[in-house]
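All remarks here apply to the structure that follows.
Chain A is the first sequence line, chain B the second, and so forth, proteins listed ahead of strands; every chain is numbered from 1. Keep in mind it's a predicted model, so treat the numbers as computed, not measured. Computed from heavy atoms alone, side chains included, the values below leave out hydrogens, waters and symmetry copies.
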2 protein chains.
Amino acid sequence: MNDHTIINDKTIDRRQKILEILYLQSQVKVNDLSKIFNVSEVTIRNDLSQLEAKRMLIKTRGGALKSTNVGLDPNLEIKKNQNLKEKQLIGIAASKLINDGDTIILDSGTTTVEVAKNLQRFNDLTIITNALNIVNELIQYPNFKVIIPGGILRRKSLSLIGHSAETTLRNYYCDKIIMGIDGIDVKYGITTPNIEEANLNKTMIEISRELIVVADSSKFGRRSLAFISKIDRIKTLVTDKKISDIDLKKLKEAGVHVIVV
Amino acid sequence: MNDHTIINDKTIDRRQKILEILYLQSQVKVNDLSKIFNVSEVTIRNDLSQLEAKRMLIKTRGGALKSTNVGLDPNLEIKKNQNLKEKQLIGIAASKLINDGDTIILDSGTTTVEVAKNLQRFNDLTIITNALNIVNELIQYPNFKVIIPGGILRRKSLSLIGHSAETTLRNYYCDKIIMGIDGIDVKYGITTPNIEEANLNKTMIEISRELIVVADSSKFGRRSLAFISKIDRIKTLVTDKKISDIDLKKLKEAGVHVIVV
DNA sequence: ATATTAAAACGTAAATATTCATAAATTATT
DNA sequence: AATAATTTATGAATATTTACGTTTTAATAT
């Protein structure tokens, strides 16, 4: 496959790269890796054994395959980017639903970050967000008014939650809310794993005229702990083309405008 | 680890340079650094351990990698920062004024960031801050309760200001506020260039039992636009040894406890 | 189909090299 | 003199390669 060698004497770094290659190509071979990193095959086997012991891959004869339960390991940055391309397309499409002058809420989440990255064309937006990684993106737009309701830091989602956040939010009324969610089920509605986050989301929806949901197709059929809203409250849903025909049909029946990218 | 470690100039310089090299090259090796700085590998390993404890890098066998910082803007750390060495020493000294269990306000500013970097030894702190770069540091301490009053983003200081911030703040009462300022004059008091920021600072002082000011010596004799407080409200001031004897004398006469690093 | 066989991949162990953690001794620094 | 910072020294842990015998695979002959 690839002849040229990467010079690298860092064991940990090599193992990280092995994982990256594995995630790009779904499988790796011992002899390939040996050539790529310019180390003996025994070393590569040793690497694969170590990684297998940490359940980050499954060894096979001649190489290794992706682990099935990698999703359980929160440290894997790689997984975060798995549907990145879909999320980027969704982000671009969702940004087109915004008009200059709008007041919008940008909810926390990796998909909504992609929306925040695509706001260059606007001159005048007021954006309310409780997610610090969204704020980080918004800093680049010098003219936007950025309002952070505040609250108690939730590290896992880098968002601010709690009673005071909800109280502050009720002082505002918005044109649109763009919300990322953890699960969407055409029957049960949209859900998220954290109860407090769900409460905040409910408040956000209440103070917004229009609910836009961004969700890649992997979120469909998934049902998380905390309920946020029924499907028919959604005005527009932006997702990718891997959505099933059945889901698509049911969404349209519920009056949801679906944009597929 | 020692709670009362005082770090000298050379060490701080070397560690800062290690970080700079790390950010330029994405990885550093123990043996390279040992040659570059002409110190033993044990010293370098010690440096890397200290920096890892502050979540500024990740140690690997043979060296270190960039921290997979989940925070907001890791590259800003290396940004040019005047009097950095003094501020680092002030930050370490000021952190010793905090007790486990305290509720404190950490104001925005480059010196207060240095305080936030030195809170490893605490198990239980509640920290109220309106500065996003401070929050960025606080993310690393999993047990601290971090409260952000919220407000409108002021990009220049990465802080949140406005009426709602002040309203929310008045719900709290704190043991200590650690405040960074722009100017301090023994006659006129402490000042800052932004009026809204000054208003917020006044509120912060009102809800705090104890005012601690951190200010490197370059701030003395400087008078900014907006007044924050008189000198005698300050309980403790932490500054560096370039402070003049006259200033030092007058501060002590006003009842301010001065810590010189 | 079944047996045979060569190539590929494997595991294991021994030898070597690196890197590490630790503690005691030494050298600044205050 | 006391505290920090650093170095030296040492044994432990980890990483890597080479070597060698075994197992698996897959192609070929029976």
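The NZ-C1' distance, from A:K35 to D:dT17, rounds to 18 Å in whole Å. Rounded to a whole Å, the CG atom of B:L33 is 13 Å from the P atom of D:dT7. The CG atom of B:N38 sits 12 Å away from the C1' atom of D:dT7 (whole-angstrom rounding). In this structure, A:N46 atom CG and C:dT18 atom C1' are separated by 15 Å, rounded to whole Å. Atom CG in A:D47 sits about 15 Å away from atom P in D:dT14, given to the nearest Å.
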Where do N or O atoms of nucleotides 6-9 of chain C meet protein N or O atoms at under 3.5 Å, pair by pair?
residue, atom, partner, partner atom, Å
C:dA9, O4', A:R61, NH2, 3.3
C:dA9, O3', A:G62, N, 3.0
C:dA9, N3, A:R61, NH2, 3.4

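Using five terminal pairs a side, the axes of the helix from C:dA1-D:dT30 to C:dT30-D:dA1 at its two ends make an angle of 30°, given in steps of 10 degrees.
Minimum atom distance to the side chain of B:R14 is reached by D:dT6, of the listed D:dT6, D:dT17, C:dT29. In this structure, the nucleotide among D:dT6, D:dT16, D:dA9 sitting nearest to the side chain of B:V42 is D:dA9. Which of D:dT16, D:dT6, D:dT7 sits closest to the side chain of B:T11 comes down to D:dT6. For A:R15, the listed nucleotide lying nearest its side chain is D:dA15; candidates were D:dT8, D:dA15, D:dT17.
A salt bridge links B:K117 and B:E114; the closest N-O separation between the charged side-chain nitrogens and carboxylate oxygens is under 4.0 Å.
With contacts defined as side-chain heavy-atom distances shorter than 4.5 Å, the pair B:F122/B:D102 does not qualify.
Annotation: salt bridge (charged side-chain N to carboxylate O under 4.0 Å, His left out) contacts of A:K242 (sequence neighbours excluded): A:E86.
In this structure, B:K59 reaches the sugar-phosphate backbone alone: every heavy-atom distance under 4.0 Å involves primed, P, OP1 or OP2 atoms, never a base. Residue contacts shown for B:V39 are limited to sugar-phosphate atoms, with no base heavy atom under 4.0 Å away.
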